[in-house]
Number of protein chains: 2
Amino acid sequence: MPTVSSEELAAAAGVNSAKLRKDFSYLGSYGTRGVGYDVEYLVYQISRELGLTQDWPVVIVGIGNLGAALANYGGFASRGFRVAALIDADPAMTGRPVAGIPVQHADALEDIVRDNGVSIGVIATPAGAAQQVCDRLVGAGVTSILNFAPTMLTVPDGVDVRKVDLSIELQILAFHEQRKAGEDAAADDDAMPVPTAAKGAAAAAAMDAADPKGTDGEAPAVMPA
Amino acid sequence: MPTVSSEELAAAAGVNSAKLRKDFSYLGSYGTRGVGYDVEYLVYQISRELGLTQDWPVVIVGIGNLGAALANYGGFASRGFRVAALIDADPAMTGRPVAGIPVQHADALEDIVRDNGVSIGVIATPAGAAQQVCDRLVGAGVTSILNFAPTMLTVPDGVDVRKVDLSIELQILAFHEQRKAGEDAAADDDAMPVPTAAKGAAAAAAMDAADPKGTDGEAPAVMPA
DNA sequence: ATGTCTTTGTGAACGTGTGCACAAAGATTG
DNA sequence: CAATCTTTGTGCACACGTTCACAAAGACAT
């Protein structure tokens, strides 16, 4: 029986072995003392707990470059996600196969969601269309939204939204890059604890929010160009 | 002078106002007691600290759907990122303009990186090519890598890598979705503290790592199908 | 069957981040 | 100029997550 120890796993994953054991312990006591964890059983338990053993039909709305990239993304199928439908508002796209799946027109959105029992929707539309698409998805019964459009979506209670901002990761890299470059001549701003600052998403979020909040009631429009 | 209070900002960003003030205090004392923060000055300071005022030339390698989507992504330019070049290994792509930028052949990768002083590279290639591209980027002087390919990259010390896995966000949604659905009949696994489990990325990472670690030395290949 | 050896599961200590609450600072008003 | 009022900046306490360290459990050898 192939097994793994928490030590091996921790080394491979780059985390502390005690933390890993404690995490596993929340799923139950699947390990055998003196031996380790049965790999196959462990994988099954984690998959099940994570919902990977279920079949999750998803719809992708907005089949531009990003939508097409997502439709072609191999990682979905292997993790229990099935692309139930591709939806686009452009009539010229209708019927055209992307990743082997014919694109359907946005008019059919509600029917598609209902007929396939879709509870997870992916929005890859331009920012302007995102909220409207979101509303329609939610109206049709979708309760989880993955939003790639650069807008904040408003949803009713009970609906989960996760926003993916491709440029945030780049910003984090640039931040560290700046630190690297500034290490030589960093004599002036040495008082700043890096970990806190790097995690200070509050600051970044606030900056985005700062714009329309001028006390004078006018939108000062001072976002960096 | 348009100003904001930490209270307004915190409400807009959905965070605690004290935390926000503390975060800002690391940048210096830019606020005025009794008034708040000068919006314009605050935005400038945060932008500067985050590296948004600098011009960061980036190269995107692998101009498939995802690479094209990234090249077209509007969020980059507005945050100080400039797409210095698009690179693809397919000769048929060479010269073809994507997002207004002609694609260059991978042979020129090193020259492009050096000539443009690129320190940030984006990898949007298939998984098989990612490590090789990464090595060449690093060899040419890139010190930060944003990896969209579904592979773990190995890099020398001093190089930052951030991996973006489009399916992880979906998994998180599916996890919560499963919880929602299971709330009715959740009488058997009630002992699990959700917050910890949801954050337990160690478990997920370990699962990926579990595969090739069988004690018998053979790769058991038990990843969920 | 008994002892030894390995590895789990977890109680306890530690460190870090978050939120409260208030004194200090400065603007504003009379 | 003094009093008042608003909002910052931060010391302090608390809570949470992480890590240490070890007893309990079980396999394996003798």
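Naming: A, B, ... by sequence-line order, numbering from 1 per chain. Quick caveat: nothing in here was measured; it's all calculated off a predicted structure.
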Next on the checklist: Among D:dT7, C:dG19, C:dT7, which nucleotide has an atom closest to any side-chain atom of B:Ser5?
Outcome noted: D:dT7
Checklist outcome for this item: With sequence neighbours left out, the residues meeting salt bridge (Lys or Arg N to Asp or Glu O under 4.0 Å) with A:Arg21 are none
Next on the checklist: Using a 4.0 Å heavy-atom cut-off to protein, can you give one letter per nucleotide of nucleotides 25-30 of chain D, 5' to 3': B if the base is in contact, S if only the sugar-phosphate is, - if neither?
Outcome noted: B-S---
Checklist entry - Residues two or more places apart in sequence or in another chain: which of them pass side-chain contact (heavy atoms from CB on, under 4.5 Å) with B:Thr53? => result B:Tyr44, B:Ser47, B:Arg48
Next on the checklist: I'd like to know if the side chain of A:Glu49 and the backbone of A:Leu27 have a donor-acceptor N/O pair within less than 3.5 Å.
Outcome noted: no
Checklist entry - Got a sec, which residues hit salt bridge (Lys or Arg N to Asp or Glu O under 4.0 Å) with B:Arg114, two or more places apart in sequence or on another chain? => result none
Item to check | Test side-chain contact (heavy atoms from CB on, under 4.5 Å) applied to A:Thr151 - qualifying residues, sequence neighbours left out | outcome: A:Ala127, A:Ala130, A:Ala149
Next on the checklist: Checking A:Asp38 now: which residues fulfil salt bridge (Lys or Arg N to Asp or Glu O under 4.0 Å) with it, not counting sequence neighbours?
Outcome noted: none
Checklist outcome for this item: Whole-Å distance, B:Leu9 CG to D:dT7 P, equals 13 Å
Checklist entry - Separation of B:Arg21 atom CZ from C:dA21 atom P, in whole Å? => result 13 Å
Could you list all N or O pairs between the protein and nucleotides 11-13 of chain C that sit under 3.5 Å apart?
from, atom 1, to, atom 2, distance (Å)
C:dG11, O6, A:Lys22, NZ, 3.3
C:dA12, N6, A:Lys22, NZ, 3.2

Checklist entry - Does A:Arg82 have any salt bridge (Lys or Arg N to Asp or Glu O under 4.0 Å) partners at least two apart in sequence or in another chain, and if so, which? => result A:Asp55
Checklist entry - Contact class for A:Ser29 (heavy atom, under 4.0 Å): base, sugar-phosphate, or nothing? => result sugar-phosphate
Item to check | Contacts of B:Tyr41 that satisfy ring pair (Phe, Tyr, Trp, His ring centres under 6.0 Å) - sequence neighbours left out | outcome: B:Tyr30
